[in-house]
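Have a look at the structure below, then the notes.
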Amino acid sequence: MEVVAVIDFETTGLSPDYGDRATEIAAVLIEDGQVVDRFQSLMNAGVRIPAFITELTGITDAMVRKAPPAADVMRDVSDFVGDYPLVAHNASFDSRFWDAELKHVHRKRRQEFACSMLVARRLFPQAPSHKLGVLIEYAKLPVTGRYHRALADAEMAASLLLHMEEELRRRYQLRDVPHELLRKIQKVQKQQLDTCVERYRLTSVTNR
DNA sequence: TGCCAGGCCCTCTTTAGGGCCTT
């Protein structure tokens, strides 16, 4: 059975290209429809946290000062996820920080990201919005902790991913919803979802 | 010290503009 790693960063801002750094990372491993392992750590990149970020996340300068160096944490989380395919909610954000923080430790990402937000936009176009918190409420999934903390957000993104995989299995009579299919779905127009999944089902050995 | 993004997606579109989503 495929293992997938769902990750979430808390950061000092929106852009690593403008000096923003990660303050916390979490990764949860999903296998066979359930979470089988978890990683979470605050990380000290030696930068100040803007007040509005502390307001948003609850993460303070004092908390980060006591945390392990960012480089150590990134080596650890990179080892933890290995080559497993990655998933994040709005992966364009987390992938930029993942790549930027790995670059600080002279490592490169070896696997692809899938985006739970892009999949949700196609699968649940009628949802009131596609923010993680709104989708959790929309799908009646449990809130596992404080929003905007890495482990809670990663757990809830994982829960949303499993919910969407179940919906895809039910809607299209699929046996499996591999990462490869999620990446195909996130690239098609929402009107093309049926065609995309049917084509995949017909060509995939595991789903026939 | 503070400065600040970028990919997707829709439409009043494609030689563009603006909202969504992440922190």
Side-chain angles (χ1 to χ4, degrees), chain A residues 5-28 40-64 67 70 73-74 77 86-104 109 112-139 141 143-161 163-164 181-196:
Chain A
V6 182
I7 71 151
D8 186 79
F9 275 109
E10 303 307 319
T11 71
T12 61
L14 295 174
S15 176
D17 291 342
Y18 282 79
D20 290 325
R21 295 294 304 268
T23 57
E24 187 179 39
I25 176 75
V28 301
Q40 177 275 333
S41 183
L42 290 163
M43 50 204 281
N44 185 358
V47 292
R48 295 289 301 272
I49 301 176
F52 79 95
I53 293 286
T54 294
E55 182 77 18
L56 179 72
T57 64
I59 296 171
T60 64
D61 281 322
M63 290 164 67
V64 167
V73 174
M74 285 309 299
V77 70
L86 298 169
V87 174
H89 199 71
N90 197 4
S92 74
F93 172 84
D94 289 280
S95 63
R96 282 200 306 276
F97 276 96
W98 183 264
D99 292 349
E101 292 294 344
L102 280 188
K103 196 172 179 182
H104 287 296
R109 172 163 57 93
E112 298 285 347
F113 267 92
C115 176
S116 55
M117 184 188 74
L118 294 181
V119 175
R121 280 181 178 169
R122 286 151 182 79
L123 201 55
F124 305 127
Q126 71 280 17
S129 96
H130 298 90
K131 291 180 185 177
L132 179 60
V134 172
L135 286 166
I136 291 297
E137 185 177 356
Y138 177 77
L141 298 170
V143 176
T144 60
R146 174 183 173 144
Y147 283 112
H148 297 298
R149 285 301 301 264
L151 185 58
D153 280 3
E155 295 245 26
M156 288 188 280
S159 168
L160 174 65
L161 177 67
H163 177 76
M164 293 194 295
L181 177 56
L182 296 175
R183 286 193 293 116
K184 287 180 186 295
I185 289 172
Q186 73 183 22
K187 288 178 184 167
V188 299
Q189 294 184 339
K190 64 186 176 191
Q191 301 91 328
Q192 299 299 313
L193 176 61
D194 289 355
T195 308
C196 170

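Naming: A, B, ... by sequence-line order, numbering from 1 per chain.
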Atom pairs and distances, side-chain donor-acceptor, residues 128-138 of chain A, under 3.5 Å, sequence neighbours left out:
residue	atom	partner	partner atom	Å
A/S129	OG	A/K131	N	3.2
A/H130	NE2	A/F124	O	2.9
A/Y138	OH	A/Q126	NE2	2.8

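- A/F9 comes within 4.0 angstrom of sugar-phosphate atoms only, judged by non-hydrogen atoms across all strands, and of no base.
- When the side chain to side chain contact (heavy atoms under 4.5 Å, CB included) test is applied to A/K184, the partners found at least two apart in sequence or on another chain are A/E180, A/C196, A/Y200.
- A/R21 and A/A70 make their closest contact through NH2-CB, 3.9 Å (heavy atoms, listed as atom of the first residue, atom of the second, distance).
- Distance, A/R146 CZ to B/dT23 P: 12 Å, rounded to whole Å.
- Of the residues in residues 86-93 of chain A, those placing a heavy atom less than 4.0 Å from an atom of DNA chain B are A/H89, A/N90, A/S92, A/F93, in numerical order.
- Among all heavy-atom pairs drawn from A/D94 and A/H89, the shortest one is OD2-O, 3.7 Å.
- When the side chain to side chain contact (heavy atoms under 4.5 Å, CB included) test is applied to A/A91, the partners found at least two apart in sequence or on another chain are A/A88, A/F113, A/C115.
- Straight-line distance between the C1' atoms of B/dT23 and B/dC4: roughly 12 Å, to the nearest whole Å.
- Per the geometry, CG belonging to A/D61 stands 12 Å off P belonging to B/dT1, to the nearest Å.
- Not counting sequence neighbours, the partners of A/E155 by the salt bridge (Lys or Arg N to Asp or Glu O under 4.0 Å) test are A/R38.
- We find that CG of A/D17 is positioned 18 Å from P of B/dC3, with the value rounded to whole Å.
- Going from atom CG of A/D20 over to atom P of B/dG2 covers 13 Å, rounded to whole Å.
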Between the protein and nucleotides 9-13 of chain B, which nitrogen or oxygen pairs come in under 3.5 angstrom?
residue	atom	partner	partner atom	Å
B/dC9	OP1	A/R122	NH1	2.5
B/dC9	OP1	A/R122	NH2	2.0
B/dC9	OP2	A/R122	NH2	3.0
B/dC10	OP1	A/K190	NZ	3.4

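- Partners of A/Q191 under the side chain to side chain contact (heavy atoms under 4.5 Å, CB included) rule, at least two apart in sequence or in another chain, are A/Q189.
- Under the side chain to side chain contact (heavy atoms under 4.5 Å, CB included) criterion, A/R122 pairs with A/L118, A/I185, A/V188, A/K190, not counting sequence neighbours.
- In this structure, the CG atom of A/D99 is 15 Å from the C1' atom of B/dA5, given to the nearest Å.
- Only the P atoms considered, B/dG2 is 33 Å distant from B/dC8, to the nearest whole Å.
- Across all their heavy atoms, A/T12 and A/P50 have their closest contact at O-CG, 3.5 Å.
- Nucleotides B/dG18 and B/dC12, compared at atom C1', are 12 Å apart to the nearest Å.
- Between A/I49 atom CD1 and B/dT1 atom P the separation is 15 Å, expressed in whole Å.
- Of the candidates B/dC4, B/dT22, B/dT23, B/dC4 carries the atom nearest the A/Y18 side chain, counting heavy atoms from C-beta on.
- Between B/dT22, B/dC21, B/dG6, one nucleotide has an atom nearer to the side chain of A/M117 than all others, and that is B/dC21.
- When the nearest nucleotides of DNA chain B are assigned to A/S15 and A/L56 by heavy-atom distance, the more 5′-ward of the two goes with A/S15.
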Side-chain atoms of residues 41-48 of chain A: list all donor-acceptor pairs with protein atoms under 3.5 Å, sequence neighbours left out, distances to 0.1 Å.
residue	atom	partner	partner atom	Å
A/N44	OD1	A/G46	N	2.8
A/R48	NE	A/D61	OD2	3.1

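- Nucleotide B/dC21 holds its P atom 15 Å from the CG atom of A/D153, rounded to whole Å.
- Distance check on atom P: B/dG7 versus B/dT13 gives 24 Å, rounded to whole Å.
- Counting to the nearest Å, the C1' atom of B/dT22 and the CG atom of A/L135 are 13 Å from each other.
- As judged by a 4.0 angstrom heavy-atom cut-off over every strand, A/D94 is placed among residues making no nucleic acid contact.
- Nearest nucleotide to the side chain of A/L132, out of B/dC4, B/dT23, B/dT22: B/dT22.
- Dashed line: the shortest gap from a side-chain N or O of A/S129 to OP1 or OP2 of B/dC21 is under 4.0 Å.
- Nearest-nucleotide mapping onto DNA chain B: of A/R48 and A/T12, the residue sitting toward the 5' end is A/R48.
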